[in-house]
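Just so it is clear, the values below take in all heavy atoms, side chains as well, and ignore hydrogens, waters and symmetry mates. Just so we're on the same page: letters track the sequence lines, and every chain starts at 1.
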2 protein chains.
Amino acid sequence: MTGEEEFLEGYDPGAYAPVAVTVDVVALTIRDGRLHVLLVERGGHPYAGWNALPGGFVQQEGLDAAALREVGEETGLRPGEGELDRVHLEQLRSYGDPGRDPRMRVFSVAYLAFAPSLPDPRAGTDAAGAFWMPVDEVGELAFDHAAILADGLDRARSKLEYTPLATAFVGTEFTIAELRAVYAAVWGEELHPGNFHRKALSVPGFVESTGETAARAGERGGPKPKLYRAGDARLLHPALLRPTREEDVR
Amino acid sequence: MTGEEEFLEGYDPGAYAPVAVTVDVVALTIRDGRLHVLLVERGGHPYAGWNALPGGFVQQEGLDAAALREVGEETGLRPGEGELDRVHLEQLRSYGDPGRDPRMRVFSVAYLAFAPSLPDPRAGTDAAGAFWMPVDEVGELAFDHAAILADGLDRARSKLEYTPLATAFVGTEFTIAELRAVYAAVWGEELHPGNFHRKALSVPGFVESTGETAARAGERGGPKPKLYRAGDARLLHPALLRPTREEDVR
DNA sequence: TTAATAGTGTCTATGAGACACTATATC
DNA sequence: GATATAGTGTCTCATAGACACTATTAA
């Protein structure tokens, strides 16, 4: 008998233990060449004073909408203001172990967000409690959020391989070196500049030239780099694979 | 303010509209060289008489456990009997649009299951209402289950590329031709026998030889094929990519 | 002037895919 | 014997990665 069929035999809302559904967001961005995640400090028990992923109840809205609302609330961005519209959001996975929240049964639908570099969440707003932290400095998190973050990082690293989502971390116009810095920050390893350059330009639809050149070169010299914008590809073919470590495979 | 923090200010279960959480399973298998999905016929309203994915309420258990329980109930298999243990289960994604169930807010965590060829669900058991149907004959489904099935098929096709999960569709010992038939059924296209054979053997940890040879060749002749079992790889490197269609990329 | 970077050229090893071929089995 | 299959050999083309090199810019 399916759950839906059970409804037909007279569903009594009070007959079941109450459950809640929340969304939690692993929002990633790159600042100063390092991968950061958006966190909030919890005010109350349990886990008072701990850091946690931003999240909240799903209201009368879809899951995607709830996740976007959470990102907006915690970053201080508003829909339609441009920057929030550039945030890439996708569902990560759901977590529902009994006991993951000590108070009641809470199911969390986790989302993964890729954002271009954003200002600090504004003081004096709802977002005042949120902040960006380098992912390699994140210690313990409330609830099972450390596991959610780890899953989000895995997904992000993998997504850079076969989708053009690295472009979600940079501005609308960017240099190949900026794009390479995204890969380096997310993967945690340097990439060969020459080979990366050729590869990025050779994958159809990954980037397209703006015809423009940056006004200045880097701080330590070099030619002025050309500017590109994101292309129309949804998948990278051939993929931009990271060096495979044997231990990942077995 | 996060959902968890709101709890602290005095959570009143009756203050929120009741929500339910179910699991729905896209269980796939291969019969007679064709990809099949496990369906149930709904007995009651809404969608009475429609086909639906098997699923039900999450009880006092984790999400994975709930999904495994549903698969067991609808296939008639029991934990520990062997066949159910060979079923590969992974979370697909969650669905929570308001209105996806006309009666109340229902969040569904969908799972994807890969099963070796199984007997028809046993008559006279809970599983009597379930049946395997070729995926290309599935018409409309109840609720948003058609979209869930489509997402599951996408995931399955993609998973065959970079994981050894094709081995979850065959017996513990199998021939390379059987493995190739899995790819052909899931991807919906024939593969070059010679190239597939060499590729399957060359990917480290994909398959390992049993040293045995099948007792009989195929019905239409040929040498007796060697038998293999699944290897210890969790990822295929290099991946076994399907031919790319340009329209998938843009 | 120094030093770093953008961008390109080239070489090699690897893998995908097309095609061909032999040996072996069933009907 | 006719025919299909298992398994292997070989050739070509595309790609990843190593390395080298030139031109250009900031400090």
OG1-CG distance between B:Thr210 and B:Leu227, expressed to the nearest 0.5 angstrom: 4.5 Å

Presence of A:His197 side-chain N/O under 4.0 Å of C:dG7 phosphate oxygens OP1/OP2: yes

CA sep, side-chain torsions, deciding dist, call: A:Arg242, A:Glu189, salt bridge (Lys or Arg N to Asp or Glu O under 4.0 Å): CA-CA 9 Å; A:Arg242 59 193 144 150; A:Glu189 50 193 313; over 6 Å; no

Nearest atoms (heavy-atom pairs only) where A:Leu38 meets A:Ala130: CD1-CB, 4.1 Å

CG-CG distance between A:Leu240 and A:Leu160, expressed to the nearest 0.5 angstrom: 9.0 Å

Measure all distances between protein nitrogen or oxygen atoms and nitrogen or oxygen atoms of nucleotides 11-15 of chain D, and list the pairs falling under 3.5 Å.
none

No-hydrogen, no-angle side-chain donor-acceptor test under 3.5 Å, B:Tyr95 and B:Asp151: yes

For DNA chain D, the residues among residues 215-231 of chain A that have a non-hydrogen atom under 4.0 Å from it: A:Arg216, A:Gly218, A:Glu219, A:Gly221, A:Gly222, A:Pro223, A:Lys224

hbond_proxy A:Arg198 side chain to D:dG17 base (donor-acceptor, 3.5 Å cutoff): no

Considering all heavy atoms, the nearest A:Val109-A:Ser94 contact: CG2-OG, 3.6 Å

Exercise: identify the closest heavy-atom pair between A:Glu70 and A:Val25: CB-CG2, 4.2 Å

Nearest-0.5 Å distance that lies between atom CZ in B:Phe131 and atom CG in B:Asp120: 10.5 Å

Distance (rounded to the nearest 0.5 Å) between A:Lys159 NZ and A:His88 NE2: 5.5 Å

Separation of C:dG17 C1' from B:Leu241 CG (nearest whole Å): 13 Å

Contact summary for A:Leu53 and A:His145, nearest pair of heavy atoms: N-ND1, 3.0 Å

Integer-rounded Å distance: C:dA16 P and B:Leu236 CG: 11 Å

Approximate separation, where rounding is to 0.5 Å, of A:His197 NE2 and A:Leu191 CG: 13.5 Å

Strand contacts (DNA chain C) in residues 173-180 of chain B, 4.0 angstrom heavy-atom criterion: none

Axial bend angle, the helix from C:dT1-D:dA27 to C:dC27-D:dG1: five-pair end segments, nearest 10°: 20°

ring-ring contact (aromatic ring centres under 6.0 Å, His included) contacts in which one or both residues fall within residues 163-188 of chain B, not counting sequence neighbours: B:Phe114-B:Phe169, B:Tyr183-B:Trp187, B:Tyr183-B:Phe196

B:Arg229 and B:Thr172, any side-chain heavy atoms less than 4.5 Å apart: no

Minimum heavy-atom distance between B:Ala185 and B:Ile30, given as atom pair plus value: CB-CD1, 3.9 Å

Considering all heavy atoms, the nearest B:Gly62-A:Asp97 contact: CA-OD1, 4.2 Å

Those residues of residues 182-196 of chain A lying under 4.0 Å from DNA chain C by at least one heavy atom: A:Gly194

